[in-house]
Amino acid sequence: MKRAAVNLALLFFALLVVFFSIWGPEALARYKDKGVLNQIRLQQEEGEGEAYRYRLSQNEKLFILSQCLNAQTLPESDQSALTRETETGYQDLAGTYAFVVNRKGPSGGEITDEEIYAACSSGIEELTELGILPEGIRQVQPSAYDATLYSAIDVPEPRNNVAVWKMSLSNSQMNANKENRLLDAYIDADDGRIYEFYVRTPLRWEEIDTDKMIEKWSEYMGLDKPGEYETDNPLLETTPYYKKYAFDGAGNERTIVTIGFYEGINELFLKISK
């Protein structure tokens, strides 16, 4: 009797297993569909035509920007402009790297047109606190400066791109007193860090510790420590007062950062180049 009860229980259990193996998956699918069907769900996506930007390291961003800037003729400060033989201005370029105006404006999370002036002034204050810039550099006012958003693009891999604001003293201010003023700067559109700058300062070249300055700037930018860049070419710069440093770039490439000084007009600059 007991054995018959056990056999009956096993048979009942086997029938249950067969039943759920047939009916279970279909019932589970219908249950999941109820949570999806006939419901409107919103999903934020990249704007139409925008290239997705992978998260690049700071060294990679610096390298891409330097390559893009070197791929074309750039506006320069007053002193270095004296040596130009080609017309200045930005152009949309094809090739390996391109630096183009971002006519769509900032995307979500990037510094906006209204925010960039305050962000630039905040960056100047931070560089001053770190000892990279001297005391007394005036704040950036919208009435005196022009700001343009650019995209630095690795053309073969357009997903690798860097959005930067170019801040320049307005042409209407060119005859104004430039003492203690920012003339040009490139600013990261994501976090407001200043890649490059030209400023007028009361400092003299003898008072500028370039090694300390580049150390503080690399920490500020989140870069690996640089090495010195030795060269025998005396024609690399239009001033004898400069020192160059090399940062790791992409692969075996590197980015050259120059700290320099134009005597007479007391213009200090930090620029990125090949």
Side-chain angles (χ1 to χ4, degrees), residues 46-47 49-74 90-102 104-111 116 119-120 122-123 126-127 130 132 147-167 184-198 210-211 213-231 236 243-260 269-274:
E46 294 289 329
E50 287 187 11
Y52 177 76
R53 284 196 289 140
Y54 280 77
R55 184 172 295 277
L56 302 168
S57 71
Q58 290 300 114
N59 284 70
E60 289 171 330
K61 292 172 72 173
L62 185 72
F63 177 76
I64 291 173
L65 180 58
S66 72
Q67 295 298 307
C68 291
L69 293 179
N70 279 281
Q72 61 191 324
T73 304
L74 298 175
Y90 290 94
Q91 303 173 14
D92 292 351
L93 300 177
T96 306
Y97 293 93
F99 193 65
V100 297
V101 175
N102 186 335
K104 294 184 178 180
S107 61
E110 292 178 348
I111 298 171
I116 185 56
C120 184
S122 177
E126 187 171 359
L127 293 181
L130 293 170
I132 298 169
T148 307
L149 182 63
Y150 289 90
S151 292
I153 305 169
D154 179 354
V155 176
E157 292 288 345
R159 62 188 181 182
N160 297 335
N161 61 89
V162 184
V164 294
W165 283 97
K166 173 70 162 56
M167 184 70 68
D184 290 301
Y186 286 106
I187 304 157
D188 193 296
D190 290 323
D191 56 32
R193 282 184 277 198
I194 298 176
Y195 286 102
E196 179 174 310
F197 59 79
Y198 288 79
T210 59
D211 290 342
M213 185 174 169
I214 198 68
E215 179 183 352
K216 291 293 184 181
W217 180 80
S218 61
E219 292 176 359
Y220 159 79
M221 292 299 301
L223 300 166
D224 298 334
K225 290 185 178 181
E228 291 188 16
Y229 178 71
E230 299 293 341
T231 177
L236 284 178
K243 190 169 183 179
K244 293 181 177 289
Y245 300 85
F247 290 86
D248 292 335
N252 295 325
E253 300 286 348
R254 56 185 177 175
T255 306
I256 307 304
V257 175
T258 305
I259 296 175
F269 65 85
L270 184 151
K271 68 175 184 177
I272 59 178
S273 57
K274 290 182 181 178

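In this text the structure is predicted, and so the values were computed from the model without any measurement. In what follows, every heavy atom counts, from backbone to side chain, and hydrogens, waters and symmetry copies are set aside.
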Measuring from atom OH of Y245 to atom OG1 of T210, what distance do you get when rounded to the nearest 0.5 angstrom?
3.0 Å
State, with a plain yes or no, whether a side-chain heavy atom of W217 is found less than 4.5 Å away from one of L223.
yes
Just wondering, do K61 and D188 contact through their side chains at under 4.5 Å, heavy atoms?
yes
Could you tell me if the side chain of I214 sits less than 4.5 Å from the side chain of P226, heavy atoms only?
yes
Using the salt bridge (charged side-chain N to carboxylate O under 4.0 Å, His left out) criterion, which residues pair with E228? Sequence neighbours excluded.
K243
Please identify each residue that fulfils side-chain contact (heavy atoms from CB on, under 4.5 Å) with E60, with sequence neighbours left out.
L56, S57
Heavy-atom closest pair (C68 atom, I153 atom, distance to 0.1 Å) is SG-N, 3.4 Å
Is the closest side-chain heavy-atom distance between I194 and Y186 below 4.5 Å?
no
For a quick test of reading the model, state the closest non-hydrogen atom pair linking E110 to D190 and the distance between them.
CG-OD1, 3.4 Å
I116 and A147 have their tightest heavy-atom pair at CG2-CB, 3.9 Å
F247 and I272, any side-chain heavy atoms less than 4.5 Å apart:
no
Do you know which of L69, L62, D184 makes side chain to side chain contact (heavy atoms under 4.5 Å, CB included) with E196?
L69
So F99 and Y150, would you call those rings parallel, tilted or perpendicular, with 30° and 60° as cut-offs?
parallel
Taking side-chain contact (heavy atoms from CB on, under 4.5 Å) as the test, write out the residues that go with T258, two or more places apart.
E237, Y242, K244, I256, F269, K271, S273
Are any of the side-chain heavy atoms of V155 and T96 separated by less than 4.5 Å?
no
Taking all heavy atoms of I187 and all of G192, pick out the closest pair and write down the distance.
CG2-O, 3.5 Å
Identify the heavy atoms of G105 and L149 that sit nearest to each other, and give their distance.
C-CD2, 3.6 Å
Grab the two heavy atoms, one from A119 and one from I111, that are nearest each other, plus how far apart they are.
CB-CD1, 4.0 Å
Do D248 and F63 have side-chain heavy atoms sitting under 4.5 Å apart?
no
d(N161 CG, S151 OG) to nearest 0.5 Å is 6.0 Å
Tell me every residue that passes salt bridge (charged side-chain N to carboxylate O under 4.0 Å, His left out) with D191, counting only those two or more places apart in sequence or in another chain.
R193
With E157, which residues qualify under salt bridge (charged side-chain N to carboxylate O under 4.0 Å, His left out), at least two apart?
R159
Within-4.5 Å side-chain heavy-atom neighbours: N59 and T255:
no
Applying ring-ring contact (aromatic ring centres under 6.0 Å, His included) to Y195 and not counting sequence neighbours gives none
